[in-house]
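Just so we're on the same page: letters track the sequence lines, and every chain starts at 1. Small disclaimer: the values here were computed from a predicted structure and weren't measured.
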2 protein chains.
Amino acid sequence: MNFPSPQHDHHNCITQALGAAEEECRRRGARLTDIRRRVLELVWRSHAPIGAYALLQALGKAAPPTVYRALDFLLAHGLIHRIEKLNAYVGCAHPGHDQAGQFLLCRQCGSAAELNDAVIEAAVRDAARRHGFELATLTVEAEGLCPACRGESP
Amino acid sequence: MNFPSPQHDHHNCITQALGAAEEECRRRGARLTDIRRRVLELVWRSHAPIGAYALLQALGKAAPPTVYRALDFLLAHGLIHRIEKLNAYVGCAHPGHDQAGQFLLCRQCGSAAELNDAVIEAAVRDAARRHGFELATLTVEAEGLCPACRGESP
DNA sequence: GGGCTGAATGTTATATTATAACGTCCGGTT
DNA sequence: AACCGGACGTTATAATATAACATTCAGCCC
Ligand SMILES: [Zn+2]
Ligand SMILES: [Zn+2]
Ligand SMILES: [Zn+2]
Ligand SMILES: [Zn+2]
């Protein structure tokens with residue numbers, strides 16, 4: 001939920017995420033198959049959203065539907081999120097606990113931080129209500145510079 | 001900025017929008033050429049975002065780069081906005097006065113309402129600041145049901 | 001275990017969205 | 001008239017995503 005620092009223990013992120021995914025799938029009675037797990041692992045290789053065809057290439061011998069089906073599964077169970085601006089996918093750090101999608105996206109290093117800001121959500125919900133609009137899903141994507149990249153070239 | 005009612009005088013929307021575009025281009029010293037104006041007019045045929053290839057077809061005899069170039073121009077001068085979730089484009093009702101992109105998108109009829117909500121912007125800006133993130137651009141896309149479509153099927 | 005069934009995956013083809021590269025035309029300037 | 005730069009035309013191709021159908025596999029009943 002915070003911005004990942006460049007020297008954090010990312011191996012730990014991966015372990016945590018895969019563990020949480022196992023748990024969430026068990027809880028839901030969903031099957032985290034080999035391909036699905038491999039795709040999830042690849043998504044978690046970094047905190048930068050990754051495109052479907054990059055995943056495809058990393059998988060090696062697969063065809064597009066394979067990776068899109070895995071992505072659909074992971075999206076459906078809240079294990080990853082799609083970043084619309086980038087046509088790319090990023091791991092969700094707190095599956096289960098979902099209201100989808102508020103992201104800070106770094107222009108420079110590409111990494112993403114997921115927010116879960118009740119104030120933002122409330123502000124949009126309120127604006128929607130004032131317009132007589134029944135809100136179903138909300139996407140917030142902010143682009144800019146992460147703390148690390150800001151430090152580098154000010 | 002409000003949701004367009006089904007029986008509003010849309011011809012007026014178009015006239016207003018084209019007038020404002022002329023004005024804005026004059027102010028900026030930009031050339032609103034024939035193709036660019038025609039694309040803008042097509043975008044304004046409804047309040048539902050329209051895709052590039054639908055525009056292309058409506059234009060008749062053009063090739064993709066023609067419409068994408070026109071869209072790039074219109075985006076650059078704030079005369080239209082891109083809806084990331086839909087890969088589609090919608091007219092901007094208040095060019096010049098821009099902070100880009102907060103939209104309510106109706107699932108049913110497809111129409112879009114552009115917000116300009118300072119509270120939403122402030123909430124995101126604040127969250128960004130707390131994360132040490134330097135905000136450059138903000139995209140907010142809310143999906144749901146507009147007032148008219150809500151009335152129809154409850 | 002042997003077959004049944006539905007979910008998951010493989011495979012091929014194609015749709016949809018977007019851009020690269022290069023040539024031509026046209027309007028304004030000198 | 002010659003020049004220049006921006007706008008447009010044209011062709012090809014890149015990048016993202018899905019349709020349609022065949023095959024395989026896991027779990028279940030017997
Ligand atoms: Zn990490
Ligand atoms: Zn960064
Ligand atoms: Zn209108
Ligand atoms: Zn509607």
Side-chain angles (χ1 to χ4, degrees), chain A residues 21-22 24-43 48-77 79-90 105 110 112 139 141 143, chain B residues 21-22 24-43 48-77 79-90 105 110 112 139 141 143:
Chain A
E22 296 274 8
E24 180 68 7
C25 286
R26 219 177 359 255
R27 211 174 60 71
R28 288 169 168 254
R31 294 176 48 200
L32 187 58
T33 63
D34 182 52
I35 289 179
R36 290 164 178 175
R37 187 199 321 276
R38 275 159 63 207
V39 169
L40 182 58
E41 231 174 296
L42 288 169
V43 166
I50 182 173
Y53 278 72
L55 290 168
L56 190 55
Q57 189 168 17
L59 273 180
K61 61 186 182 0
T66 299
V67 66
Y68 280 104
R69 284 193 287 233
L71 289 170
D72 285 347
F73 172 90
L74 297 169
L75 285 168
H77 293 88
L79 305 176
I80 61 172
H81 294 290
R82 174 178 164 86
I83 305 299
E84 300 290 346
K85 277 177 116 117
L86 303 176
N87 296 335
Y89 306 83
V90 71
L105 307 169
T139 301
E141 293 176 2
E143 200 185 327
Chain B
E22 295 274 10
E24 180 68 6
C25 286
R26 217 173 4 252
R27 212 173 59 70
R28 288 170 168 253
R31 293 177 51 197
L32 188 57
T33 63
D34 183 51
I35 291 180
R36 290 165 179 175
R37 186 197 321 276
R38 276 158 65 206
V39 169
L40 183 59
E41 233 174 296
L42 288 169
V43 166
I50 182 173
Y53 278 72
L55 290 168
L56 190 56
Q57 189 169 18
L59 274 180
K61 60 186 183 0
T66 299
V67 66
Y68 279 104
R69 284 191 287 232
L71 290 171
D72 285 347
F73 172 89
L74 297 169
L75 286 168
H77 294 88
L79 303 176
I80 61 174
H81 294 290
R82 173 178 165 86
I83 306 299
E84 300 291 345
K85 275 177 117 117
L86 304 176
N87 295 335
Y89 305 84
V90 70
L105 307 169
T139 301
E141 293 175 2
E143 200 184 328

Could I get a table of every N or O pair under 3.5 Å where one atom is in the protein and the other is in nucleotides 3-7 of chain D?
from: D:dA7; atom 1: O5'; to: B:R36; atom 2: NH2; distance (Å): 3.4

task = Take the protein atom CG of B:L56 and the nucleotide atom C1' of D:dG9, then report the distance between them rounded to whole Å.
result = 13 Å
message = Holding to side-chain contact (heavy atoms from CB on, under 4.5 Å), I want the full list of residues that pass it with B:A63, two or more places apart in sequence or in another chain.
response = B:P65
query = With B:E143, which residues qualify under side-chain contact (heavy atoms from CB on, under 4.5 Å), at least two apart?
reply = A:T137, B:K85, B:R107
key: B:R27: partners by salt bridge (Lys or Arg N to Asp or Glu O under 4.0 Å), with sequence neighbours left out   = B:E24
key: Whole-Å gap separating C1' (D:dT16) and CG (A:L71)   = 12 Å
ask   = Rounded to whole angstrom units, what separation is found between the CZ atom of A:R38 and the P atom of C:dA8?
value = 17 Å
From CG (B:L42) to CG (B:L59), nearest 0.5 Å = 5.5 Å
message = Tell me the interatomic distance from A:D72, atom CG, to D:dA19, atom P, rounded to whole angstroms.
response = 10 Å
message = With rounding to the nearest 0.5 angstrom, report the CG to NE2 distance, A:D72 to A:H77.
response = 11.5 Å
remark   = Here the distance between atom C1' of C:dA7 and atom CG of A:L32, to the nearest Å, is 15 Å
key: Rounded distance in Å - CD1 (A:I83) to C1' (D:dA17)   = 18 Å
key: Euclidean distance, atom CD of residue B:E84 to atom C1' of C:dA18 [Å, nearest integer]   = 13 Å
task = For B:N87, enumerate each residue passing the side-chain hydrogen bond (donor to acceptor under 3.5 Å, both in side chains) test, keeping only those at least two apart in sequence or located in another chain.
result = B:R82
inquiry  = Run the side-chain hydrogen bond (donor to acceptor under 3.5 Å, both in side chains) test against B:R26 and tell me which residues pass, sequence neighbours left out.
reply    = B:E23
Pairs under 3.5 angstrom only: tabulate donor-acceptor contacts from the side chains of residues 29-37 of chain B to other protein residues two or more places apart or in another chain.
from: B:D34; atom 1: OD2; to: B:R38; atom 2: NH1; distance (Å): 3.3
from: B:R36; atom 1: NH1; to: B:R31; atom 2: O; distance (Å): 2.7
from: B:R37; atom 1: NH1; to: B:E22; atom 2: OE2; distance (Å): 2.2
from: B:R37; atom 1: NH2; to: B:L32; atom 2: O; distance (Å): 3.4

key: With A:I50 via side-chain contact (heavy atoms from CB on, under 4.5 Å) - residues at least two apart   = A:V43, A:A54, A:L55
ask   = Just how far, in rounded Å, is P of D:dA15 from CD of A:Q57?
value = 11 Å
key: Per-nucleotide protein contact string for nucleotides 10-17 of chain C, where B marks a base within reach and S marks sugar-phosphate only (heavy atoms under 4.0 Å, - for neither)   = BBB----B
